[in-house]
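Heads up: the structure comes next, in structure tokens.
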Amino acid sequence: MRFLFKTDYEDDIKLFPHSGYFVSYGILIAVLLIAPYMLSSYLMSQLVFVCIYATVGVALLILTGFTGQASLGHAAFLAIGAYTAAYLQKYNVPFPVYFLAAGGLTGIIGAMVGFPALRLTGIYLVIATISFALIVEEILARWESVTNGNEGMRVKTLSLLGVTVPRDSPTFYYLCLAVLVLTIVGTLNLLRSPTGRAFVAIRDSETAARSMGVNVALYKVKSFAISAAITGFAGVLFAHKLSFISPEMFTLQLSIEFIIVILIGGTFSLHGAVLGAIFIVMIDPFLTYLKDDMPGIIAGIAATFGAGPATAGNIQSKVAAFASLNGLKGAIYGIIIVLFVLFEPLGLYGRWLKIKLFFQLFPLYKRATFKRQKIYVKSERNR
């Protein structure tokens with residue numbers, strides 16, 4: 001087990017606490033770089049969506065995980081970024097310009113949303129962000145001169161420095177991976193800065209943050225703006241990957257999926273955003289497997305244990321009917337969220353930390369190691 005002795009403030013804010021991080025992350029980056037030449041086009045497409053969802057997950061972590069502000073409106077920010085890119089493409093604006101413009105516009109709108117939300121907390125803030133998402137969805141459907149309404153908009157193939165970058169090419173994957181890596185590194189540096197520490201202070205206790213001189217209103221708006229801007233960048237990549245966008249793609253269900261990304265991955269961990277994105281992206285292939293292959297497998301097992309052809313066929317038809325239910329995906333999401341909230345609030349990354357620490361401390365590991373203890377004083381009632 002490695003023990004780290006911190007002797008000054010610089011040791012506490014290092015990006016890589018020890019040399020082992022260089023090795024592990026170096027290996028991970030190398031694997032990701034050679035992935036396009038080792039995996040099928042379908043798996044590469046899934047990896048692109050993982051990068052996009054993880055980028056949105058990191059953005060949502062800044063607002064929800066590190067500042068403590070709930071949001072169910074990030075699908076709207078994604079839509080603003082996507083439509084900004086599609087609209088500016090009609091005027092032959094180059095990719096770097098409309099990429100930055102999408103992030104800037106989304107960040108400004110995020111700040112505008114943050115101002116009226118300053119006096120709201122908890123469920124009331126959630127309701128406000130849902131209302132914002134519904135307003136944006138309605139604007140996209142009604143503002144036909146800009147968005148083409150419900151007909152949607154075609155998104156041209158990305159052109160970077162005069163070179164066409166198809167959505168299924170390794171170059172587009174590398175672009176999405178680069179945006180994700182830069183987002184994670186930038187967020188890590190943000191959290192080490194006074195701004196990031198103010199975010200965490202607001203999350204833990206607004207009363208204590210005010211007593212330390214933190215301008216709570218200002219930093220809440222900053223958090224909304226930064227989170228929205230990053231989501232806008234992801235929206236540009238999302239639009240190029242789909243090559244067609246319409247208001248029906250940016251519904252409340254998509255915002256809920258982004259929340260699930262951080263709930264399952266880990267609400268306080270950047271690693272968790274990536275793990276949660278992998279989980280969400282793999283749900284659809286799992287449902288396809290459940291609908292197409294699982295009925296035959298179960299029927300074959302039943303036949304192996306002595307079921308007749310008629311019985312096996314009946315079992316297969318019932319399993320296929322169950323796998324094709326319209327609400328199955330939502331039910332799976334609900335069950336998974338409940339299980340994680342009850343048994344693993346820290347998410348997949350929290351479970352990984354527990355497993356790692358178990359082997360590091362064995363046989364001295366204690367189950368209460370990760371239990372968060374809270375001590376409230378009377379001033380906390382004024383939050």
Side-chain angles (χ1 to χ4, degrees), residues 4-18 21-22 25 54-71 74 77 100 103-122 125 129 179-234 262 265-274 346 349 372-377 379-380 382-383:
L4 300 177
F5 295 96
K6 299 177 182 179
T7 58
D8 56 27
Y9 184 70
E10 293 297 326
D11 291 336
D12 191 46
I13 61 174
K14 284 183 177 179
L15 277 178
F16 302 103
H18 57 76
Y21 282 79
F22 288 98
Y25 286 122
T55 302
V56 180
V58 172
L60 193 55
L61 274 177
I62 293 174
L63 181 64
T64 301
F66 300 130
T67 316
Q69 305 300 297
S71 172
H74 267 57
F77 295 131
L100 295 176
L105 176 62
T106 312
I108 292 172
I109 295 176
M112 293 171 62
V113 173
F115 275 111
L118 290 177
R119 294 183 177 274
L120 302 176
T121 58
L125 181 58
T129 55
V179 171
L180 173 60
V181 171
L182 290 175
T183 301
I184 292 175
V185 174
T187 303
L188 286 172
N189 280 283
L190 174 67
L191 294 176
R192 299 188 307 159
S193 69
T195 299
R197 293 177 181 271
F199 289 166
V200 176
I202 292 171
R203 178 197 68 192
D204 291 341
S205 172
E206 289 188 19
T207 303
R210 286 193 182 93
S211 68
M212 293 186 294
V214 175
N215 188 334
V216 174
L218 174 63
Y219 283 106
K220 281 185 177 180
V221 172
K222 279 186 178 181
S223 180
F224 263 100
I226 294 171
S227 180
I230 295 174
T231 307
F233 292 140
I262 62 173
T267 313
F268 308 110
S269 167
L270 298 178
H271 299 83
V274 179
L346 296 178
Y349 186 66
R372 185 180 180 188
Q373 296 182 358
K374 296 182 179 180
I375 300 176
Y376 292 101
V377 296
S379 61
E380 287 294 299
N382 299 323
R383 286 192 63 178

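All heavy atoms count here, side chains included; hydrogens, waters and symmetry mates do not.
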List the atom pairs, with distances to 0.1 Å, where a side-chain N or O of residues 218-226 and a protein N or O form a donor-acceptor pair under 3.5 Å, not counting sequence neighbours.
from   : atom 1 : to     : atom 2 : distance (Å)
Lys220 : NZ     : Glu206 : OE2    : 2.9
Ser223 : OG     : Ile62  : O      : 3.4
Ser223 : OG     : Thr67  : OG1    : 2.9

* At what distance, to the nearest 0.5 angstrom, does CZ of Phe66 lie from CG of Leu190? -> 9.0 Å
* Structure fact -> Between Ser211 and Ala208, the two heavy atoms sitting closest are OG-O, 2.5 Å
* Structure fact -> Nearest heavy-atom contact between Ala70 and Thr64 is CA-OG1, 4.1 Å
* Asked: When rounded to the nearest 0.5 angstrom, what is the spacing between CD1 in Ile230 and OG1 in Thr183?
  -> 5.5 Å
* Enter the distance from Ile202:CD1 to Arg210:CZ here, rounded to the nearest 0.5 Å. => 8.5 Å
* Asked: For the residue pair Ser227 and Ala59, what are the closest heavy atoms and their distance?
  -> OG-O, 2.6 Å
* To do: Take Leu61 and Thr187, measure what side chain to side chain contact (heavy atoms under 4.5 Å, CB included) needs, and give me the verdict at the end.
  => CA-CA 10 Å; Leu61 274 177; Thr187 303; over 6 Å; no
* Exam field: side chain Thr231 to backbone Val56, donor-acceptor pair closer than 3.5 Å -> no
* Please walk me through it: do His271 and Val274 pass side chain to side chain contact (heavy atoms under 4.5 Å, CB included)? -> CA-CA 5 Å; His271 299 83; Val274 179; 6.0 Å; no
* Does the side chain to side chain contact (heavy atoms under 4.5 Å, CB included) test come out yes or no for Phe77 and Leu60, once each step is laid out? -> CA-CA 11 Å; Phe77 295 131; Leu60 193 55; over 6 Å; no
* For the student: nearest non-hydrogen atoms of His74 and Leu63, plus distance -> CE1-CD2, 3.6 Å
